[in-house]
Structures are given as C-alpha cells and as structure tokens.
Amino acid sequence: MHELSIAQSILEILNRSVPNEELGNVRTVNMKVGMMAGVVCESLEFSFRALVSGTPLSAASLSIARVPFRIHCSACDRTSPTQHGFALCPHCSGTETRIVSGMELQVVSIDLCEPVLETS
Amino acid sequence: MSILTIQRKVLEKNDEIAARNRELFARRGLFVLNVVSSPGSGKTSLLERTIATLRGKIPLAVVEGDVQTDLDAQRVARYSVPVVQIVTNGGCHLEAHLIEDALASLPLDSVKLLFIENVGNLVCPSNYDLGEHMKVVVASTTEGDDKPLKYPGMFHKASVLIINKMDLVPYVNSRPDILKSNALKINPSLKVFEISCTTDAGIPEWCAWLEQQVSYIRAEDNAG
C-alpha cells in the first residue's frame, strides 16, 4: 500500500508547479500509469482525495491513462505488447528484449478552471 | 479551462535523492545491493551467511529496513559489522531519503560492500530507487514457484534472483526449475543462484560472484 506516498508525491508536484493562488483552480491532474508500474489506480485516487480534502486543492481529482506493457526485441526488431509482464518476444521467443512502455508513473498535465496568471 | 503541461515523474524527488546516493557510492567505490523479497523468504539469513563467508575478505556494512523492531540489526550485529536499523513505523518500503540519512551513521571510509535489506514486500519497494547498483530478489522454495508470475514488477527491476531454502525442496510442492523458468519469462537477463542458508549450499558461488562485482567497482574507482 504505497499509493498514499505516491499521492503525497503528486501533491508536492502540484504545489511546486502551480502558483499558490491558483491551487483552488486545479480540477484535473492528468496522469500516465503503466500497466506494470505496480500501482493500484483506485487506491491512488482514494489516497489523493483523502489528502486534498479540506485543502485549496479539494476540487482536484486524478485522471489516469493506463499505458500497455510493451517490449522491443533486438533479435527480430519488433515491438509487441505482451501478457502478464512477460519479457520474452512473442514472435521469435528472443530473450534480448527491453521494456519500452508500461512502467510509467507520470504527471502529464494539469487542467485549471481559470487561466494561469502571468507571474511577471 | 487552461492546461498546464508539466511531464513530471511522480517519484522524481525520490529519484533525485537516489541519484545523490549513487554519486556518493561511486565516489567511495562502494558496491551496493538492495535486497528485496516477501516477508520470511530468508533475506536476513542470506546476509548472515554472506557476512560469515566474506568476513575478513571484503569490508561490508548493512542497512536494515523493517516496519517495527531492530531484531534484524541485532542478528547482523553479532557478526561485528556496522549496521543501521531503519524502522518505517508502518511504511511498506524504504525510500532514498531514509538511506541518505542512514549513510551518515555508517563508517563508509572502511566499507566496500553495502547491503540494504528492504522491508519484506514484493510490491512497493520495486518503485523506489535507493541509488543501489542492483536489486537482488530472494524467493524461497516454500513460497511456491509461481511468485514471479504473480509479482512481475519486482522481477523486472531485479538483476539477481536468489532461490533460497533449496534444502526444503523434498518437502514442498514447488519446483525450483519452474520458479527459475517463470522468473526468466519476466526477466530473461536475471542472474540466478540456488542457495540454502541452512546447509550453505550455493553460498560459495554467491560470495565469489559478490567478490567479483566488488573488484569491478574497485577497478573503476582506480581508473577514475
């Protein structure tokens, strides 16, 4: 259950990226979470809601796009999604593979209900 | 509605501190392993047998992570090696800043090999880089041979798999060859050792490999 500490890290990113007076305008935090990132999205959303409750960010929620797990095989030079996190090439059974997606844990963008004020 | 595009890794702060730890390890010529597993697979027993074998050959130190108690640090301290216990008070994994703090209490000048024993948990510790060179995942024969399939995240991130409790194979239903082939489906580049901390089977091979890794680090250090 490390989703609470991940939610805490998301809050820190919001606090660093959005000017204080704009925090109340944050509506949606758009995220990419890989299928093999080891994160339970429902728990992450629950933890985030619990942390922002009663704060200027209380109107904010997470919007999570799941990213499929894919590997690239250097033997046959193909990129393929695989089931269950298998890293064997499904075409040639090659073992010289690398993971190209599915491990992401990223904040991509933040939707605010008002334009961000110019700080100059 | 306006959109602020930021593209930030959620755990960037942890990763920054992990990078600082990694720099410190490189500067000191330390080889660092992050040992992970489910609870009860034998991480501490593995460290005890490893320390007993390498004592006098490689100066080493240990950081222990547990949810409660310093029982593991007490076990390791019996071998007269520097050890620091981190008690997470409920936290299910170690984070890079906890390691950074713990390093301050260790005599790093005289150490070449550092073991970090993570909290027993096959899920959460996989997300947190501590600055280590490699993750070593321990899976014991009593846990069943399907663990790599059920917890692929940890096996993706690990470089070494230790199959522990080989002496119990006659008494359990799981098969180490199947455990190994399942792990290699998830991560074909895993280096695998089959070990018993009770009979010491496999311990010499594991320790010889460790000595080799430490010598590579020294070589790099001298070259720099």
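In this structure, a donor-acceptor pair under 3.5 Å is absent between the side chains of B:Asn14 and B:Asp129. Counted by atom type alone, A:Thr97 and A:His72 present zero donor-acceptor pairs between their side chains at under 3.5 Å. Looking only at atom types and distance, the side chain of B:Asn127 has a donor-acceptor partner in the side chain of A:His2 under 3.5 Å away.
Of the listed residues (A:Val107, A:Leu88, A:Thr95), the greatest number of heavy-atom pairs within a distance under 4.5 Å of chain B belongs to A:Val107.
In this structure, chain B has a heavy atom under 4.5 Å from the side chain of A:Glu12, while its backbone stays farther away. Heavy atoms closer than 4.5 Å to chain A are found nowhere in B:Lys150, neither backbone nor side chain. For a residue to count as touching a neighbouring chain, one of its non-hydrogen atoms must lie under 4.5 Å from one of that chain's; by this rule B:Tyr128 touches chain A with the side chain only. For chain B, no part of A:Arg98 is nearby; none of its heavy atoms comes within less than 4.5 Å. When heavy atoms are compared at a cutoff of 4.5 Å, B:Ser126 does not approach chain A at all. Heavy atoms closer than 4.5 Å to chain A are found in both the backbone and the side chain of B:Val10. Proximity to chain B is limited to the side chain of A:Ile99, based on heavy atoms less than 4.5 angstrom apart.
Between B:Lys147 and B:Glu143, no side-chain nitrogen of the basic residue sits less than 4.0 Å from a carboxylate oxygen of the acidic one, so the salt-bridge criterion is not met.
For the pair B:Asp101 and B:Ile86, the minimum side-chain heavy-atom distance is 4.5 Å or more.
Remark: A:Ile71 CD1 to A:Met36 CE distance equals 11.5 Å, nearest 0.5 Å.
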